[in-house]
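Scroll down for the structure; my scribbles are underneath it.
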Number of protein chains: 4
Amino acid sequence: MNPSDSDKPVAVHDRASAQRDRILNAARQCFIEHGFHAASMASIADAADISAGLIYRYFDSKNAIILAIIERQLAEKRADIASLAPGIDFAERIVELVARWRAGDARAMNPALFLEMSALGTRDPQIGNALLAADRLTRGDFARWLRQRAERSGTTLSDSEATVRAFTLQCLIEGLALRAVREPDIGDEQVAAAMALALPTLLP
Amino acid sequence: MNPSDSDKPVAVHDRASAQRDRILNAARQCFIEHGFHAASMASIADAADISAGLIYRYFDSKNAIILAIIERQLAEKRADIASLAPGIDFAERIVELVARWRAGDARAMNPALFLEMSALGTRDPQIGNALLAADRLTRGDFARWLRQRAERSGTTLSDSEATVRAFTLQCLIEGLALRAVREPDIGDEQVAAAMALALPTLLP
Amino acid sequence: MNPSDSDKPVAVHDRASAQRDRILNAARQCFIEHGFHAASMASIADAADISAGLIYRYFDSKNAIILAIIERQLAEKRADIASLAPGIDFAERIVELVARWRAGDARAMNPALFLEMSALGTRDPQIGNALLAADRLTRGDFARWLRQRAERSGTTLSDSEATVRAFTLQCLIEGLALRAVREPDIGDEQVAAAMALALPTLLP
Amino acid sequence: MNPSDSDKPVAVHDRASAQRDRILNAARQCFIEHGFHAASMASIADAADISAGLIYRYFDSKNAIILAIIERQLAEKRADIASLAPGIDFAERIVELVARWRAGDARAMNPALFLEMSALGTRDPQIGNALLAADRLTRGDFARWLRQRAERSGTTLSDSEATVRAFTLQCLIEGLALRAVREPDIGDEQVAAAMALALPTLLP
DNA sequence: AATGAATGAGCCTTCATTCAT
DNA sequence: TATGAATGAAGGCTCATTCAT
């Protein structure tokens with residue numbers, strides 16, 4: 001295998017997807033700072049350190065970028081929540097997650113974006129449907145994990161019961177995301193105390 | 001008394017604040033439908049059935065309207081939450097409230113607007129501070145009510161304990177607002193079941 | 001009748017349609033100078049001595065302006081051709097018309113625009129249909145006139161024969177329009193000689 | 001003889017002019033479909049199945065391509081018209097030619113392009129001059145042929161008389177080209193009838 | 001108080017052209 | 001020779017805001 005052309009296609013693909021990533025990262029930052037609508041393509045180009053025109057080689061339109069960011073965000077959120085599950089120290093994990101949200105950890109969902117895209121879903125059906133689908137996935141993840149956890153602790157949880165708990169957990173955690181946006185300097189202890197209060201009834 | 005100016009001061013004031021209200025109602029509708037940024041002054045003028053120029057006699061700028069809407073929204077939210085307190089059937093009240101949110105009841109807070117302005121608070125310090133202040137008020141309301149309720153049932157609740165519960169309730173209820181936006185056709189029963197699950201530990 | 005408000009509606013309408021006219025005249029000039037595509041909205045605004053944004057109060061888009069210009073042009077062409085008919089000195093009239101075309105008389109059809117919009121009709125079905133309809137009208141006008149003329153001179157002309165002559169006249173005259181574009185300094189005599197040669201067989 | 005460079009000069013030249021042709025064919029198609037201005041270099045590159053950058057090795061600019069296309073078109077038109085001359089069945093030949101124009105025969109002049117470039121000649125002096133020169137050639141061809149034809153039929157035709165007839169024929173035939181563009185579904189019979197009517201006075 | 005015409009900055013997007021590879 | 005990524009200058013259009021009436 002000739003190395004000089006064996007990985008050419010890969011290289012080409014890498015370049016393109018690296019550029020896409022570069023643009024998406026820049027866009028994410030701009031959207032966080034100014035909102036989807038107020039962030040201009042020029043500002044994204046600036047942040048990505050490329051020319052404005054070049055963006056259109058990688059994305060059809062600003063809207064396509066917004067969509068891509070939203071999908072990323074949904075994936076990040078799913079991952080964030082998946083990261084809660086494994087252990088036993090559930091409350092502690094949530095505290096950490098909220099702290100990352102508040103800190104603006106670039107690898108986690110951004111809560112302000114999360115709110116804005118939720119509002120957007122109200123007006124744009126395509127986005128609305130994507131959100132709906134993602135929410136159902138998340139709830140399913142949660143319910144599944146709760147039943148496993150129940151099993152592990154020797155009890156059982158009916159499907160519907162698991163779903164109600166998952167729903168409630170979702171409300172609680174997203175409510176925390178909202179708090180993280182509106183009161184960015186709330187302390188970890190407050191979050192921890194709230195979790196200590198609410199979780200016992202929700203977890204099997 | 002000269003009839004032509006007898007009640008002018010009052011009339012003028014009435015007229016002016018009626019106009020302001022007219023504009024704010026129109027703006028609210030436009031903001032709900034298109035978002036703060038995408039709603040144009042022209043569309044607001046249209047909805048208010050006045051000319052675009054006239055708006056500037058009552059508001060300095062579009063931003064001033066947004067601010068006014070946000071303040072209204074915050075008041076509505078406080079009222080919404082105050083309406084929860086009085087009775088004993090707290091869960092039922094929440095279900096009703098969420099139903100009104102989902103239905104787009106014009107006299108209640110609009111949840112999509114609530115999300116969007118929360119995101120906006122991230123970028124505009126003036127808004128951020130207004131939200132912070134409102135949240136503290138709400139939490140105070142909640143805590144006070146919880147302590148009264150505790151007293152009424154013969155127990156006591158420390159200040160800090162009341163605050164934690166208030167915080168948790170806030171997360172839960174705002175989480176429900178978010179759900180109302182993202183899953184507008186969730187049933188009342190799901191909300192009721194979630195409340196039945198979560199409230200017992202939170203209420204004294 | 002109070003004169004100060006009796007003609008207000010008229011005044012209002014006048015203003016708007018005066019502005020539309022102002023814009024169309026400017027657009028016509030720009031289109032003649034640069035072509036439909038190459039003329040910019042900014043150049044039209046400049047020529048009309050108004051701001052670029054204002055144009056959009058009177059026209060939906062650049063395309064709407066092009067359409068309006070084309071319709072105007074078609075009307076002008078029909079009028080140009082109608083002006084040929086009345087007299088007996090048909091050849092002379094044609095010579096005059098071609099002279100006006102060559103001179104760029106603002107009240108007559110502009111032959112360069114005529115060519116460009118004919119080409120455009122190939123690509124834009126809306127324009128294509130408008131042209132087709134206008135051409136049929138013109139041919140009808142011509143045929144009707146030929147039959148009247150025949151009658152007046154004591155002969156008759158069948159419908160189909162009149163149509164063929166009308167078609168031939170159309171080709172000849174439009175061919176002259178093309179010549180006016182491509183050889184703007186051809187002399188009147190050449191046109192007159194050509195007409196003297198061709199018309200006898202075509203006119204009854 | 002070293003096979004690797006034996007026929008290089010020829011090959012290179014062939015290659016280069018083949019590429020030029022390839023590009024011009026693609027450009028012609030694009031120009032017909034979208035017009036000179038609206039056709040993009042990218043679309044031409046696509047149609048030619050080469051990269052956009054490569055075009056610039058063979059042509060200095062888009063304008064150079066337009067110029068080349070126009071020159072080609074003028075040659076095609078001259079050939080089209082030359083093809084009319086040889087026989088006696090002149091009318092029939094014209095009918096055939098118009099049919100080819102309407103059908104978009106790739107080897108004949110394209111009438112929509114013909115119109116567009118005529119309009120362009122109004123604005124770009126270089127093009128205007130090229131058109132003028134071509135028209136004079138065509139008229140000369142025509143006049144020469146008319147005189148030969150006269151001779152053959154035993155009469156004579158003065159230079160100026162031949163020129164007037166040539167001019168008139170040109171108008172008629174170009175008028176037909178215009179008709180071919182604007183009424184693409186006119187029947188051959190109509191064209192034939194028109195020719196039967198008009199030609200007798202024009203041909204010796 | 002009220003209108004709506006007018007402005008002009010700024011936005012998204014396209015495209016001819018260049019250049020490193 | 002050939003590619004296609006990259007640029008940057010326009011271009012069409014929208015919109016908050018102002019102002020003469």
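What's counted below: heavy atoms across the whole structure, side chains too, no hydrogens, waters or symmetry copies.
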Exercise for the section: Could you check whether C:Phe59 gets within reach of a base, just the sugar-phosphate, or nothing at all, counting any heavy atom under 4.0 Å? Expected result: nothing
Exercise for the section: Starting from C1' on F:dT7, measure out to CD1 on A:Ile23 and report it in whole angstrom. Expected result: 14 Å
Practice task
Please state how far atom CG in B:Asp60 lies from atom P in F:dA16, giving the value in whole angstrom units.
Solution key: 16 Å
Practice task
Using a strict cut-off of less than 4.0 Å between a Lys/Arg side-chain nitrogen and an Asp/Glu carboxylate oxygen, indicate whether C:Glu76 and C:Arg28 qualify as a salt bridge.
Solution key: yes
Completion exercise
Taking E:dT17, F:dT1, E:dA5 as options, the one with an atom nearest any side-chain atom of D:Ser61 is E:dT17
Exercise for the section: Please report the C-alpha distance between B:Arg72 and B:Asn25 in whole Å, then the side-chain angles of each, then the deciding distance to 0.1 Å, and finally whether the side-chain hydrogen bond (donor to acceptor under 3.5 Å, both in side chains) criterion is met. Expected result: CA-CA 10 Å; B:Arg72 248 204 192 186; B:Asn25 287 334; 2.9 Å; yes
Practice task
Take atom CG of C:Asp14 and atom P of E:dA5, then tell me their distance rounded to the nearest Å.
Solution key: 14 Å
Handout entry: Nearest-Å distance for atom pair CD1/C1', residues C:Ile55 and E:dG8
Key = 13 Å
Handout entry: Closest to side chain of C:Arg57, choosing from E:dT3, E:dA5, F:dA5
Key = E:dA5
Problem - Whole-Å distance separating the CZ atom of D:Arg22 from the P atom of F:dT1 - result: 15 Å
Problem - Interatomic distance, C:Met41 CE vs F:dC13 C1' [rounded to whole Å] - result: 8 Å
Handout entry: 5' priority, DNA chain F, between B:Leu54 and B:Ala38 [closest heavy atom]
Key = B:Ala38
Handout entry: E:dT13 phosphate, OP1 or OP2, under 4.0 Å from A:Tyr56 side-chain N/O
Key = yes
Exercise for the section: Take atom CG of D:Asp46 and atom C1' of E:dC15, then tell me their distance rounded to the nearest Å. Expected result: 14 Å
Exercise for the section: Please state how far atom NZ in C:Lys62 lies from atom P in F:dG11, giving the value in whole angstrom units. Expected result: 9 Å
Exercise for the section: Tell me what A:Ala39 touches on the nucleic acid: a base, only sugar-phosphate, or nothing, going by heavy atoms under 4.0 Å. Expected result: sugar-phosphate
Handout entry: C:Met117 side chain reached by C:Gln73 side chain, heavy atoms, under 4.5 Å
Key = yes
Exercise for the section: Tell me the partner of E:dT21, counting only Watson-Crick (N1-N3 plus N6-O4 or O6-N4) or G-U wobble (N1-O2 and O6-N3) with both under 3.5 Å; none if nothing fits. Expected result: F:dA2
